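Let me begin by presenting the structure, written as structure tokens, before commenting on it.
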Number of protein chains: 2
Amino acid sequence: MTNRIETQCRAHGLRLTGQRRLIAQVLATATDHPDVYELHRRVSERDPHINLATVYRTMKRLESEGIVERQAFRGGRSRYERVSKRHHDHLIDIETGAVVEFKNAEIERLQELVARELGYRLVSHRLELYAVPLANVSPRKNR
Amino acid sequence: MTNRIETQCRAHGLRLTGQRRLIAQVLATATDHPDVYELHRRVSERDPHINLATVYRTMKRLESEGIVERQAFRGGRSRYERVSKRHHDHLIDIETGAVVEFKNAEIERLQELVARELGYRLVSHRLELYAVPLANVSPRKNR
DNA sequence: GTAGGTGCAAATCTTTTGCCGAGCG
DNA sequence: CGCTCGGCAAAAGATTTGCACCTAC
């Protein structure tokens, strides 16, 4: 079974080793934004011998090929996600660490405008909203 | 000579040691967004014995007191800036690494809106624009 | 067969911390 | 004089890398 990421690896001339196949499958089925340790944990379930350094190397390679995107939210490890058809930004639930994706065309348009006004051409951006759930005023532990 | 940051330290009950005075002065005169190594380099010019750990500890303390703000732009070390009267975001010149501050009320308003629509209350945000200068197509070194 | 990939351990880089002597208030 | 600080070195956490062996193509 060949998934989209494996196809992309082929297209970019990456050798399809067993380890990469596993990582590709994990990435293809991930609906969240796992960090390298989490990825390693997941692939380890299927191949307990795969090394953390291999996951690091593979993710770095996939990133430089533009197949995945690295997100460095505040503090801690970098997290990855597939480069999707649609660009989007992130809302991070500061109580649970959950990540919600969103997109707002108007904000994007204003960003271009702001950059131009400052004498620049916008190349990329990063927008993260840190927020707490509205309804439940759960007095949980902080952090 | 007592500057604003020293006054703030007093107000927050921090002891005004020689090292902190130096760091406060460097911060007060900084117009850029230095990282801890750069801060250490600057204070070292006046006191070659000051330790890097001291700068780290001081900056961490100033951050927790809300006197400075930590910025972790893509990759590398964290950078600091004084908490200013006005909140603002950053545009990073990807050719030179220069940081331009800006503020756009409309974008802020839309952010609140987006969060609410997703069922959250916005606590804070981070918006970074990565851009290149418009006019001058300077073929300088990259990075 | 060979260039690229992997495992493993050690190195790097950034930041934090334990310990203890020192100085601010 | 007591409690906070600072220097120093070591630890910790994330990521990278050198090296020798391995394997996809």
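Computed from a predicted structure; not experimentally measured. Each chain gets a letter, A, B and so on, in the order its sequence line appears, and its residues count up from 1.
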> What's the verdict on ring-ring contact (aromatic ring centres under 6.0 Å, His included) for A/His90 and B/His125, showing C-alpha distance, side-chain angles and the deciding distance?
Replying inline: CA-CA 10 Å; A/His90 298 105; B/His125 73 266; over 10 Å; no
> Considering heavy-atom distances to DNA chain D, does B/Gly18 or B/Ala53 have its closest nucleotide positioned more toward the 5' end?
Replying inline: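 The residue whose closest nucleotide sits nearer the 5' end is B/Gly18.
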> Of all the choices, C/dT6, D/dA14, C/dT14, which nucleotide is nearest to the side chain of B/Tyr56 once you look at every atom?
Replying inline: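 Within the option list, the nearest is C/dT14.
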Please report the distance, rounded to the nearest Å, between [atom1] in [X] and [atom2] in [N].
X: A/His12; N: C/dG4; atom1: NE2; atom2: C1'; result: 17 Å
X: B/Arg61; N: D/dT4; atom1: CZ; atom2: P; result: 9 Å
X: A/Leu16; N: D/dT23; atom1: CG; atom2: C1'; result: 13 Å
X: A/Arg20; N: C/dT6; atom1: CZ; atom2: C1'; result: 10 Å
X: A/Asp47; N: C/dG7; atom1: CG; atom2: P; result: 7 Å
X: A/Gln19; N: D/dT23; atom1: CD; atom2: P; result: 9 Å
X: A/Asn51; N: D/dC19; atom1: CG; atom2: C1'; result: 14 Å
X: B/Arg15; N: C/dG25; atom1: CZ; atom2: C1'; result: 6 Å

> For B/Ile50, which residues count as a side-chain contact (heavy atoms from CB on, under 4.5 Å) partner, sequence neighbours excluded?
Replying inline: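 side-chain contact (heavy atoms from CB on, under 4.5 Å) check on B/Ile50 returns B/Gln19, B/Ile23, B/His40, B/Val43, B/Ser44, B/Asp47, B/Thr54.
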> Do B/Arg77 and C/dT14 share a donor-acceptor pair, side chain to base, under 3.5 Å?
Replying inline: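 Between C/dT14 and B/Arg77, which were checked side chain against base, a qualifying N/O pair under 3.5 Å is absent.
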>> Would the base of C/dG18 count as contacting B/Arg57 through its side chain, where contact means a donor and an acceptor less than 3.5 Å apart?
In response: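 Side chain to base: pair found, below 3.5 Å.
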>> Take a 6.0 Å sphere around CZ of B/Arg41 and say whether it holds more than 12 heavy atoms from other residues, nucleotides or ligands.
In response: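 More than 12 within 6.0 Å, yes.
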>> Is the phosphate of D/dT4 approached by B/Thr17 (side-chain N or O, under 4.0 Å from OP1 or OP2)?
In response: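 So the side-chain polar atoms of B/Thr17 never come under 4.0 Å of the phosphate oxygens OP1 or OP2 of D/dT4.
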